[in-house]
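Quick notes on the structure that follows.
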2 protein chains.
Amino acid sequence: MSSEEPSQSAAAEETGEKKLSKKELAKLERQRKRQEAAAASATAAIAAITVEADDPLAANYGEIPLNDLQSKEVSGRKWTEVKDLTEQLKDNTVLIRGRAQAIRAVGKKMAFVVVRERGFTVQCVLTVAQDVVSSQMVKFATSLSRESIVDIEGVVSVPSQPITGASQQVEIQVRKLYCVNRAVPTLPIIIEDAARSEVEIEKALEAGEQLVRVNQDTRLNFRVLDMRTPANQGIFRVQCQVENIFRQFLLAEGFVGIHTPKLIAGSSEGGAAVFRLDYKGTPACLAQSPQLHKQMSICGDFSRVFEIGPVFRAEDSFTHRHLCEFTGLDVEMEIKEHYSEVMDIVDRLFVEMFDSLNEKCAKELEAINTQYPFEKLKYLRKTLRLTFEEGVQMLKEAGIEIDPFGDLNTETERKLGQLVLEKYGTEFYILHRYPLAIRPFYTMPSHDNPKYSNSFDVFIRGEEIISGAQRVHVPEFLTERAQACGIEVKTISTYIDSFRYGAPPHGGFGVGLERVVMLFCALNNIRKTSLFPRDPQRIVP
Amino acid sequence: MSSEEPSQSAAAEETGEKKLSKKELAKLERQRKRQEAAAASATAAIAAITVEADDPLAANYGEIPLNDLQSKEVSGRKWTEVKDLTEQLKDNTVLIRGRAQAIRAVGKKMAFVVVRERGFTVQCVLTVAQDVVSSQMVKFATSLSRESIVDIEGVVSVPSQPITGASQQVEIQVRKLYCVNRAVPTLPIIIEDAARSEVEIEKALEAGEQLVRVNQDTRLNFRVLDMRTPANQGIFRVQCQVENIFRQFLLAEGFVGIHTPKLIAGSSEGGAAVFRLDYKGTPACLAQSPQLHKQMSICGDFSRVFEIGPVFRAEDSFTHRHLCEFTGLDVEMEIKEHYSEVMDIVDRLFVEMFDSLNEKCAKELEAINTQYPFEKLKYLRKTLRLTFEEGVQMLKEAGIEIDPFGDLNTETERKLGQLVLEKYGTEFYILHRYPLAIRPFYTMPSHDNPKYSNSFDVFIRGEEIISGAQRVHVPEFLTERAQACGIEVKTISTYIDSFRYGAPPHGGFGVGLERVVMLFCALNNIRKTSLFPRDPQRIVP
């Protein structure tokens with residue numbers, strides 16, 4: 001589809017990723033003013049229509065005055081959802097509310113309005129007919145701005161030809177049409193443009209047609225419009241499902257859901273990437289993870305806990321996979337003998353999650369796939385586990401020498417992912433027994449070699465998604481490890497003290513919700529899976 | 001039960017609620033040092049025992065060295081949970097891990113160790129017998145400090161008399177006993193003391209016996225010990241269940257769970273109670289609620305959303321029901337005609353929640369009731385709705401005159417709750433159509449009288465627990481209302497702009513998770529239902 005009115009998409013030009021500068025802000029402000037002016041002139045135009053309407057059918061269409069929308073009455077009228085509009089309702093009169101996604105006039109006697117509700121669309125038809133639809137009513141319909149909210153009453157009909165422009169295979173022959181809330185006539189993003197795939201844009205270009213490409217910053221500046229695309233509706237419904245499966249699986253395994261404080265004294269895990277603030281005269285910071293408090297809950301006898309909540313990282317990394325605020329899925333559990341007990345939970349939890357997403361979110365995944373094509377994730381019934389040493393060896397055999405006690409970088413992670421896929425046929429695997437030096441101070445060293453640790457990372461499509469480990473549960477040893485890692489011990493004394501009153505061996509892991517969705521769907525940027533992303537250059541909207 | 005060793009509970013004296021002063025911190029530091037010294041001397045004592053142990057059965061007991069707890073091997077041994085220890089296991093050898101809750105020597109030939117795991121307890125018996133249990137093993141058992149983690153292997157036996165000191169009605173005849181992790185010998189709180197009810201203390205006092213009362217600040221300073229009481233184990237399991245029911249109910253009603261940012265530019269709802277911080281050079285604050293972003297998600301076509309996440313209020317109120325950080329349960333939804341659609345959700349959701357808690361958390365509620373006795377909440381199958389005017393009238397008839405356009409205070413809320421209970425037999429009801437002047441700027445005024453609004457509060461046992469309303473969805477009117485309420489409009493421009501692209505009428509509500517649990521269980525302080533509470537005077541542990 002071509003961008004019929006390129007000027008309508010004022011903010012859609014490619015601007016690249018950058019901070020909202022004063023200039024940018026001034027531009028947005030000017031745009032807002034233009035929109036207000038446009039809205040005012042639209043309102044005047046509508047008033048004109050209403051005045052002009054010396055029409056015996058005038059009561060059947062028009063703007064609903066605000067007063068009528070202030071909970072004036074409960075009419076008892078029955079509303080039908082667009083998704084429920086099927087052939088069974090043929091010849092029934094129905095009442096729907098949705099957005100005017102597309103409006104098209106056919107001469108002066110006919111108009112089509114495609115109405116969208118929760119991602120489903122239906123074609124509504126106005127045809128001038130004595131005592132049913134007036135020409136003024138058709139004019140009113142064509143005056144609607146896209147994305148306005150409308151109430152439509154009409155009769156369901158079943159056309160002989162399949163409908164291509166809407167999800168529902170019935171039409172509504174409109175009898176009444178009211179505008180509930182009017183969108184500004186000049187939208188900063190057209191939903192059709194925002195929903196277009198790169199493939200479509202490229203293909204059109206080859207055919208000599210230039211389609212509008214909505215760049216990421218524009219999408220995020222006008223997120224409430226961008227959210228309305230089928231892909232985004234799918235992404236955030238998949239995200240909700242990931243969280244559900246995580247919770248339900250763990251609850252069934254005897255875990256308790258907890259909430260730990262995000263406002264803490266000291267820095268939760270050390271390092272510089274901390275947001276600091278003043279807490280009633282005390283220096284405080286935002287938790288970089290629920291690590292310390294989830295471990296304290298284990299010392300408090302909860303045996304197995306999980307937490308879903310925001311995690312704050314004042315990182316300067318401006319990459320495709322870092323955010324300053326994301327949703328952490330955290331787990332902590334007593335272990336009897338071995339950190340493999342934690343890996344067992346990871347294994348079963350994620351295999352169940354992937355199975356369930358493929359099964360229950362098929363429609364959502366298809367919507368995402370249409371705009372952002374991806375291959376289904378390849379994973380094994382029993383998740384592959386490799387040691388870090390084995391990983392280093394595989395890389396070596398492929399001609400890549402890395403420090404056997406250093407960390408993998410993005411590039412070597414990807415490469416190893418490739419090698420694992422070729423050799424084992426999986427894009428989801430666990431790498432464990434990491435070098436101790438590159439893990440946090442609370443990580444338990446290996447029993448046989450203090451250069452290694454009882455820790456693991458989990459990878460999806462060659463990117464790290466989960467970090468986990470057995471923790472040090474002995475307070476004296478924990479103090480020693482903290483000191484060795486340069487942590488100021490007195491800032492974490494309440495944490496260390498928690499282990500003085502009897503502490504069971506335990507371990508756990510943390511996952512980023514946004515990363516799970518991003519990598520399961522092979523999306524190229526984590527901002528796509530955060531509703532209102534926060535990065536070093538963005539704190540709005 | 002009397003406090004046998006009052007000196008063991010060093011920090012348990014009544015100190016009243018106050019800030020952790022330097023003096024207090026110094027005291028904690030001294031205490032910590034004492035504990036470290038005690039731990040060191042205990043370790044020495046154990047070493048002495050080990051050296052002394054010229055015992056052919058020496059391999060059957062002792063400290064497990066740290067190295068053996070560093071994931072040395074997966075033994076394949078079968079572990080039994082304490083809760084599963086029943087008569088069916090008679091004569092079986094079982095292996096358990098738990099805390100030594102109580103240790104009692106009977107002469108030098110016998111010892112009892114009550115082991116607790118996840119709130120369940122079992123009595124373990126050591127009796128000196130040739131080739132089975134040595135006197136040194138009994139000595140080792142009695143040297144254990146309370147709350148230490150132990151592994152016990154033994155044979156299940158069924159005593160002829162009912163066991164009163166443990167939940168399980170079987171005993172374990174101990175064959176092997178290892179200490180996994182030793183607690184300091186002098187605990188700052190004894191769990192028995194912390195688990196005692198006021199009633200028990202008062203009754204003992206009448207009988208001339210002074211029992212230790214652990215005051216709230218001490219509990220919170222040593223929260224990991226306090227958490228282990230049966231009441232606290234119950235409280236946080238009930239809390240988890242409240243969250244589950246909230247989620248499951250809403251998911252079944254077509255709501256989508258979302259996560260909105262806690263780091264925002266500007267202040268989310270105005271007012272002074274905001275935590276401010278520097279966000280990469282930009283002034284920012286912590287969201288006082290997800291209000292603005294959940295409404296924006298409605299503009300983004302999610303139709304019905306909910307969010308569970310932390311809410312930050314830099315309030316100075318030091319009351320029994322305010323926290324600086326709590327878990328918000330938030331809902332926002334499109335409405336077709338009337339804010340009663342939102343109240344319908346509240347009604348059905350909470351009736352289902354209360355039913356479900358009473359049914360599924362019976363054991364947890366009983367544990368809470370034992371320490372903090374409360375009457376079951378009285379609620380109707382269909383929740384009572386009164387208008388604010390009706391409430392004012394009821395108060396007037398009871399001789400209490402209040403400003404008909406002012407807010408209720410804590411006292412009048414309580415009084416009204418009493419009157420409602422007497423007249424309608426419910427402790428859960430909705431008061432709606434509040435005066436506009438006392439509601440936030442985004443509240444929709446009533447259609448027939450701009451002094452009232454389409455809003456409601458919900459009360460449990462005479463305390464406000466939920467606030468909800470229809471919102472203003474027209475940007476021009478929203479701007480007007482913000483200005484009238486003294487909000488700097490440009491700080492919330494991205495929010496107001498969200499309504500320019502077609503906004504459906506909508507409403508929603510917010511609930512505090514901690515308050516639901518507190519009031520359902522008639523607890524007297526919100527700090528009891530927050531795992532690590534944050535108030536104006538507390539940011540640790």
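In what follows, every chain begins at residue 1, and chains take the letters A, B, ... in the order their sequences are listed. Everything numeric in this text was worked out from a predicted model, so none of it was measured.
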Heavy-atom pair count under 4.5 Å with chain A, highest-scoring of [options]:
options	value
B:Val256, B:Asp448, B:Leu513	B:Val256
B:Ser303, B:Gly257, B:Cys299	B:Cys299
B:Cys240, B:Ser148, B:Ala100, B:Pro310	B:Cys240

Select one option (side chain, backbone, both, neither) describing which atoms of [X] are under 4.5 Å from chain A's heavy atoms.
X	result
B:Glu117	side chain
B:Ile539	both
B:Gln233	both
B:Glu334	neither
B:Glu325	side chain
B:Arg304	side chain
B:Phe326	neither
B:Ser71	both
B:Tyr495	neither

[X], part contacting chain B, at a heavy-atom distance under 4.5 Å:
X	answer
A:Glu307	neither
A:Arg99	side chain
A:Leu225	side chain
A:Asn67	both
A:Arg116	side chain
A:Pro533	neither
A:Asp316	both
A:Thr327	side chain
A:Asn244	both
A:Phe302	both

Quiz prompt | Side-chain donor-acceptor contact under 3.5 Å, A:Ser75 with B:Glu337 | solution = yes
Exercise. Would you kindly say whether A:Glu514 and B:His259 are connected by a side-chain donor-acceptor distance under 3.5 Å?
Key: no
Quiz item: In terms of the angle between their ring planes, are A:Phe275 and B:Tyr279 parallel, tilted or perpendicular, with boundaries placed at 30° and 60°?
Solution: parallel
Quiz item: In Å, rounded to the nearest 0.5 Å, how long is the span from OH of A:Tyr501 to CD1 of B:Ile149?
Solution: 14.5 Å
Exercise. Show your working on side-chain contact (heavy atoms from CB on, under 4.5 Å) between B:Val224 and A:Gln295 and close with a plain yes or no.
Key: CA-CA 10 Å; B:Val224 297; A:Gln295 283 189 256; over 6 Å; no
Exercise. Test side-chain contact (heavy atoms from CB on, under 4.5 Å) on A:Ser297 and B:Leu531 and set out the steps.
Key: CA-CA 8 Å; A:Ser297 306; B:Leu531 208 49; 3.7 Å; yes
Quiz item: Side chain of B:Asp301, backbone of A:Arg118: donor and acceptor closer than 3.5 Å?
Solution: no
Quiz item: For the side chain of B:Asn181 and the backbone of A:Val474, is there at least one donor-acceptor N/O pair under 3.5 Å apart?
Solution: no
Quiz item: Can you find a pair of side-chain heavy atoms, one from A:His447 and one from B:Leu69, that are under 4.5 Å apart?
Solution: no
Exercise. Show your reasoning for whether salt bridge (Lys or Arg N to Asp or Glu O under 4.0 Å) applies to B:Arg247 and A:Glu243.
Key: CA-CA 11 Å; B:Arg247 285 182 66 89; A:Glu243 185 174 340; 3.0 Å; yes
Practice problem: List the atom of B:Leu263, the atom of A:Arg534, and the distance in Å for their closest heavy-atom pair. | Solution: O-NE, 2.7 Å
